[in-house]
Amino acid sequence: MSIHIEAKPGEIADRILLPGDPLRAKYIAETYLENAVQYNNVRGMLGYTGTYKGQRISVQGTGMGIPSISIYTNELIRDYGVKKLIRVGTCGGVQKDIHVRDVILAMSATTDSSVNHSTFPTIDFAPTANFDLLQKAYSIGRELGIVLRAGNVLSADVFYRDSMDIVKKLGEYGVLAVEMETSALYTLAAKYGAQALTILTVSDHIFTDEDDTTAAERQTSFNSMIKIALETAIN
Ligand SMILES: O=P(O)(O)O[C@H]1O[C@H](CO)[C@@H](O)[C@H]1O
Ligand SMILES: O=c1cc[nH]c(=O)[nH]1
């Protein structure tokens, strides 16, 4: 048992999917896992362990933002020995040729968060995906016929901004999309020698008027992303 996770030792698998939304964790467990058992409900941040194609795997909600995912990532790796962590999240599209429902692999994560500055006061650390997971996810996505984009994403500390100018500027430097957690996930995985990857589904577009997905769609309609994540985790 850790401060935010009530699982007993051994109840969490060494590979895990990490959605921000705990109800997405429930959906994944109920839809894709066999014999799923709920191991966490502290703060309603649901976590489950079951099997996928005969292999043990867990899924844990992380909440929104870098402070929240950092708590779960620290506890999962340090207290439960998790070694392979795959975030399955939503994001806002930045590039004009990115569309709602597209799936993105985050190779790297730029951030406006200052959390790494206390560790690296004079350095801009570059949070990076694990190459083995990235490569597997890309080829599994291609095998499943899913069109994938891979590149840099912004892990933002702020969802509602007065101005999107800085996001537009990052778009000019190739940033594909905006979300709120990956830089912390990749940094902590690097710190502890674990493997991490973020897979994102575009839920809305920052600069075009493409329709936003509804909350219900966000919860349930990201099956391409989830399939890639599950297959990557077990292969
Ligand atoms: O859908 P999730 O995984 O929560 O990810 C995105 O959605 C939330 C904002 O609505 C942030 O957590 C962002 O990163
Ligand atoms: O963080 C996020 C997630 C989805 N859409 C956004 O605009 N930002």
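Counting convention: from 1, in listed order, for ligands and their atoms alike. In this chain, residues are counted from 1 in sequence order.
Side chains of Tyr80 and Glu11: no donor on one and acceptor on the other come within 3.5 Å. No side-chain N or O of Asn40 forms a donor-acceptor pair with one of Tyr72 less than 3.5 Å apart. When only modelled atom types and interatomic distance are considered, Tyr192 and Asn74 share a side-chain donor-acceptor pair under 3.5 Å.
The shortest side-chain heavy-atom distance between Arg161 and Val158 falls under the 4.5 Å cut-off.
One option in Arg87, Arg24, Met180 has a heavy atom closer to atom 5 (O) of ligand 1 than any other, and that option is Arg87. Selection from Val153, Thr62, Val88, Thr90 by nearest heavy atom to atom 2 (P) of ligand 1 gives Thr90.
Using a 4.0 Å cut-off to heavy atoms of Met64, the atoms of ligand 1 that qualify are 8 (C), 9 (C), 11 (C), 12 (O). Near Phe159, meaning under 4.0 Å from one of its heavy atoms, ligand 1 places the atoms 9 (C), 10 (O). Distances below 4.0 Å separate heavy atoms of Gly89 from the following atoms of ligand 1: 3 (O). Atom numbering of ligand 1 starts at 1 in the shown order; those under 4.0 Å from a heavy atom of Glu179 are 14 (O).
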Kindly determine whether Tyr39 and Gln60 satisfy side chain to side chain donor-acceptor pair (under 3.5 Å), including the steps that lead there.
CA-CA 9 Å; Tyr39 64 73; Gln60 170 68 54; 2.8 Å; yes
With side chain to side chain donor-acceptor pair (under 3.5 Å) as the test, would you mind laying out the steps for Thr111 and Ser155 before giving the verdict?
CA-CA 5 Å; Thr111 188; Ser155 296; 5.3 Å; no
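Across all their heavy atoms, Val100 and His205 have their closest contact at CG2-N, 4.3 Å.
Backbone and side-chain nitrogen or oxygen atoms of Gly20 are examined, and one is located within less than 3.5 angstrom of a nitrogen or oxygen of ligand 1.
Protein residues having at least one heavy atom under 4.0 Å from any atom of ligand 2 are Thr90, Cys91, Gly92, Phe159, Val178, Glu179, Met180, Ser203, Asp204, Ile206, listed by chain and number.
Relative ring orientation between Phe125 and Phe120 is described as parallel, the plane-to-plane angle staying below 30° on a 0-90° scale split at 30° and 60°.
In this structure Asp165 satisfies the salt bridge (Lys or Arg N to Asp or Glu O under 4.0 Å) test with no other residue, sequence neighbours excluded.
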